[in-house]
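Proteins get letters first, then strands, A, B, ... in listed order; numbering begins at 1 in each. Below, each value reflects all heavy atoms present in this structure, side chains not excepted, and no hydrogens, waters or symmetry copies. Since this is a predicted model, take the numbers as computed values, not measurements.
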Amino acid sequence: MIASARAFWRWLTSMRTALLLLFLLAVAAIPGSLLPQRNLNPERVNQYLRDHPDLGPWLDRLWGFSVYSSPWFSAIYLLLFTSLVGCLLPRLAQHVRALRAVPPDAPKRLDRLPQHASGLAADGAPAAVAEAVAATLRKRRWRVAVREHADGVTVAAEKGYLKETGNLLFHFSLLALLVGVAAGSWYGWEGNRIVVAGPDHGFCSSIPQFDESALGARVGAEDLPPFCLQLDGFDVEYLDSGQPVSFAAHATYTEGLSGAPRQATFSVNDPLRLDGANVYLFGHGYAVIVRYTDRYGVSQTTVAPFLVDDDFLTSHGLAAFPDANIDPTGKAPRSDRAQTAFSCVYLPTVPSDVTLARSAHPAEKNPALMCSAYQGDIGLDTGRAQSVYELDRRQIDSGQLSQVGPETKLAPGESWTLPDGSTMTFLGTRKWAALSVRYDPGQQTVLAGSVVMLAGLLISLTGRRRRAWARVVPDEDGRSLISLGGLPRTEQPSFAVEFSQLVSVIEENHGRTVRPAADVDDPGVRPGNAGVRG
Amino acid sequence: MWTILGYALAMLGYAAEYAFSSNGVVARVAAAPRRELVTASVGGGPERVHDPLWDDPDGLSSPVADVGTAPSPAGGKGQRAAIFGKIGVALTAVAALAHGGALVTRGLAAERVPWGNMYEFVLAACFVGIVSWLVMLALRPAVRLLGLFVALAQVLLLGFALLVLHTQVAPLAPALNSYWLKIHVSAAALSSGILLMAFIPSALFLARDGWDRGKRSFPYTLGRRLPAADSLERLAFRVTVFGFPIWTFAIICGAIWAEAAWGRYWGWDPKETWSFISWVIYAGYLHARATPSVRRTTATWIGVLAWATMVINLYVINFVAVGMHSYAGVE
C-alpha cells in the first residue's frame, strides 16, 4: 500500500508525467475554444443545444459548455500543480543546500574535463599562487573554495546559481498565479446592468438592482461595497462610415453610505475604478421615450431601453402600459382590451431606401420609430418569464392580445391616434449604457505572480551554471604550475570562450611564462564542444 | 471627405509599394526552386527529381556549392545556383525593405501603429518573420536551403492577407484605442514572428536527423547537405528561448489590457485559450529539452507541435471561433 503510494508519488513528480500533464492541459483547453461556453456566451450555448438535440445534452453532461470549470480540467491542472510542488520542494531544498555549500573539490584529472588548460607557470609558493588565482576568480564573481592537499593546492569555483534561483522563482510564481486565480473566483463578484441616462435611472450596488449578477463562492450579497451611480450622459463619435471612434460615459456616483456625489467620465479601456469595484462600459444603445394618453385622458410616459440589433444601432423593444385604460372614477368596468403595448423598431438614421427596415448610421441623423400597437392582456399575470423587449407570442396566438391599427412610422414629436381614441407620442430618445461592475481581489496577486514569473523565466533561460578548478602544484624549480579545468553544468556553447578568457586572465595576472609544451586548447576545435557561435 | 481622399492616396502609394514587394518575393520563389531540385537530385538514385519546368540535365552532375558549410567542389551550374540563391537573398532583402516601408506608410496613413486589424497584424508578424529569417541567414548561411519555403510562406501569407484580410485604412475601433495596443500587439507580433521562424531550423534538424538515421524518402533527402544536426537543433532551441519570454510578455500585457477593456484579465476567449495552449506546449518543449532522458528528436517534434498551434491561433481561430479578439475586420 505504502509502496504503491510511493510509486505513484514518484510517477507523479517525474518530468515525464509533468510533460504528459502539460500536454493533457493543452489538449483539454481545445474544446473550450470550439464549443460555446456558458460563462462567456450562454445564448450561443442554448442555440447549440437547440441545433444539436442529440449531441448537445451529452456534451453538456461531460461539461462541454463549461470546460474551464469542469472536474476533468480541474483534475489535470491540480495534478499538474501537485506534481509541480512535489518536484519543486526537493529542488528548493537542494538549491538552498547548494547555495550554502562550498564548491566541490577538483577532480583528480583536470585534463578529462570538457575544458582544460595546463602548463601555466607562476612565481611563488603554491599556496600563495592558489590564493591569487582564487582572488581573480572571486573578482569575476565566482564562488571559490581553496583546499590544501599533500601534493598541492586546489581552487574550486562555481558560478551561475542564479539560474536555478530563477527556475524556482518561475515555478513558485506559477503557484502564486493559481492562488490569485482561486482568490478571484472565491471572493470576486460581478453584476451587469443597463443604465439609461438621466437622474431618474440611477442604481445602487445591491443584487436586485443588477440585471444579472454572479457572486464568488465566498461572497454574500451584503459584502458588496455600497455605492450609487447615475449616467448623466453618453457621447459617441462616429466616422461617416458608421464606425465608432470614441465613447465617453459621464456619470455621477457616491461611494459609501454617505459619500459626497462625484463626477467621472469613463470609457472602453478606461473603467471607473471605485473602492472595491470597477465599472466597465460594455455597450450602448437608445432608450425610446413614449407617452401614452389613454381613453380616459390619463397620460403615462415610459423610457424603454431598446435592444441593439446591428452595428448601426437598429434597435427593437417594447413600450408597455399595463395599467392604462382604467376608468379613474371607477365607474366603467375594466375592459379586456385595456392593456396597451407598442412593439417597435427604432432606426437612428432611416436609409434612403425606405423599404429597408435597417438603420443606415448609428447616429441620430434621421430617426424614426416604427411601431405596431397591441391591446388586450400583455400576459404579466401568467407567471411566465417575460421579455422586456418583445411581446409574448403566446398571448397574441391565443387571441388575448391583438394588434390594433396599422404599423405606423413616427418621427420624434409625432403622435399617433389609435382606433379607440387613445394617443401615443414618440417624445424622443435617451442613451443607455451597458455597465458591468466587477471586483476581483486576486488580480494583484496574479499580476505580481506574472511579473515575477517573467523575471524568473528570463533569469533561468539566460543563466548558466558552471564550475572551474585550478590545481597548483610546486615544480622542481620552486615555482608553481597551474592547471585549469572547466565544466559547464548545462550545454552552453559560450563556455569554451569564457573558459579560454579565464585562462588568459589567469595567465596574464599570475603566470610568468607559458611552457613551450602548453596545451591551452582552442575551444572551437575540440570535438565534443564545437558549439554554434553567434 | 478629405480625410478619406487622403487615405485613398496613401493607399495607392502603399499598394504600389506592396506590388513591388510581392514582385521581389515572387522572383525569389522563381529563383529558389532551381537550387532546391538540383540539390534533391544530386547523386542520382531513387531520390532523383524530374520536373519538366525546372529539371536541368546538367544540374545533376553539379553538387550545390552555396549551402554554407557544405564542401564545394563547385561546377559551373553549382555556381550559377549559388548566384541564384544569392539573388534570391538580395531580392528577399529588397522585398523585406518594401515590406517594412508598406508597414510604415500604412502607419502614417492611419496615424497610428500599423497593427490595428488582422490584415495589418499578419503584415507585421510576417515582417518580423522575414527579418528574423535574414538574421538567421546572416548567422548561419546554410539555412538558405529553406529559403524557398520561407519565401513561399511569405507569398502565401501576404497574398492571403491582401486578398482576404485586406481592409481600408481606418482609425482604430475604440476597443483597440489603448496604449496597450502598441505593447501587447507588438510583443505578440514579434514573438509570433520569432517562434514561427524557429520552425525552420527545427524542420531542418528533423530532416538532417532523419537522413543521419538512414531515412532516404523525400523530406529527409533535404537533410543530406545540411549542417550538423546538433547545431541546427541548438539554433532552433536558442531562437525559441529568445521568443518564448516575449510571448509570455505578450500574454501578460494582453491580460492587463483585457482587465481594463473587458473587465477580466483572463476569460478563456478562444484567442486567449490558444495562446495558453501554445505557451503550455512551448513550456513542454523547454522542459523536454532540459530533460536528458527525452530525445532531442522528441523535443523538436514538441516544438513543431507548438509552432502548429501558433499557426492555428493566427489563422484558424480568427475565422472559426467567435471571440472578443474580433479584430479580423474581414468583410
Assess the residue pair Asn269(A) and Trp180(B) against the criterion (side chain to side chain donor-acceptor pair (under 3.5 Å)); give the C-alpha distance rounded to whole Å, side-chain angles, the decisive distance to 0.1 Å, and a yes or no. CA-CA 9 Å; Asn269(A) 277 320; Trp180(B) 285 109; over 6 Å; no

So Thr291(B) and Arg16(A), side chain to side chain contact (heavy atoms under 4.5 Å, CB included) or not? Walk me through it. CA-CA 9 Å; Thr291(B) 309; Arg16(A) 213 161 264 276; over 6 Å; no

Using ring pair (Phe, Tyr, Trp, His ring centres under 6.0 Å), reason through Trp266(B) and Tyr68(A) one step at a time and then give a plain yes or no. CA-CA 11 Å; Trp266(B) 193 267; Tyr68(A) 306 108; 9.1 Å; no

Report the C-alpha separation of Ile30(A) and Thr273(B) in whole Å, then their side-chain angles, then the decisive distance to 0.1 Å, and conclude whether the side chain to side chain contact (heavy atoms under 4.5 Å, CB included) test is met. CA-CA 7 Å; Ile30(A) 294 175; Thr273(B) 305; over 6 Å; no

Take Tyr265(B) and Gln443(A), measure what side chain to side chain contact (heavy atoms under 4.5 Å, CB included) needs, and give me the verdict at the end. CA-CA 8 Å; Tyr265(B) 58 84; Gln443(A) 222 159 256; 3.7 Å; yes

Pair Val294(B), Met15(A) - check side chain to side chain contact (heavy atoms under 4.5 Å, CB included), show working. CA-CA 10 Å; Val294(B) 179; Met15(A) 182 58 92; 5.8 Å; no

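For Trp11(A), the CH2 atom is densely surrounded, since the number of other residues' heavy atoms within 6.0 Å is greater than 12. Heavy-atom neighbours of Asp311(A) CG from other residues, nucleotides or ligands within 6.0 Å: at or below the threshold of 12.
One finds the CZ atom of Phe244(B) at 9.5 Å from the CG atom of Leu454(A) (value rounded to the nearest 0.5 Å). Note: Trp262(B) CH2 to Ser436(A) OG = 14.0 Å, rounded to the nearest 0.5 Å. In this structure, CG in Leu25(A) is found 9.0 Å from CD1 in Ile277(B), a value given to the nearest 0.5 Å. Here the CZ-OH distance, from Arg264(B) to Tyr280(A), works out to 10.5 Å after rounding to the nearest 0.5 Å. Atom CZ of residue Phe276(B) and atom OG of residue Ser33(A) lie 12.0 Å apart, to the nearest 0.5 angstrom.
Using a 4.5 Å cut-off between heavy atoms, Val181(A) touches chain B through backbone and side chain atoms alike. Within the 4.5 angstrom heavy-atom criterion, atoms from both the backbone and the side chain of Leu22(A) approach chain B. Contacts between Phe170(A) and chain B at a heavy-atom distance below 4.5 Å involve the side chain alone, from C-beta outward. For Ser278(B), no part lies near chain A; criterion is any non-hydrogen pair under 4.5 Å. With a 4.5 angstrom heavy-atom cutoff, Ile256(B) touches chain A only via side-chain atoms. Residue Phe249(B) touches chain A through both its backbone and its side chain, counting heavy-atom pairs closer than 4.5 Å.
Contact of the Glu259(B) side chain with the Leu447(A) side chain is not registered, since no non-hydrogen atoms from C-beta on lie closer than 4.5 Å.
When the side-chain contact (heavy atoms from CB on, under 4.5 Å) test is applied to Ile246(B), the partners found at least two apart in sequence or on another chain are Ala187(B), Leu190(B), Ser191(B), Ile194(B), Phe242(B).
The shortest non-hydrogen separation linking Leu458(A) to Pro245(B) is CD2-CB, 3.6 Å. When all heavy atoms of Leu286(B) and Leu461(A) are compared, the pair lying nearest together is CD1-CD2, 4.2 Å. Considering every non-hydrogen atom in both Pro271(A) and Ala260(B), the closest pair reads CD-O, 3.5 Å. Across every non-hydrogen atom of Ala26(A) and Ile281(B), the tightest pair is CB-CG1, 3.8 Å.
Per-residue heavy-atom pair counts under 4.5 Å with chain A were compared for Gly263(B), Ala290(B), Ala258(B), and the maximum is reached by Gly263(B). Interface check for chain B: of the options Val268(A), Val67(A), Val446(A), the most heavy-atom pairs under 4.5 Å are formed by Val446(A).
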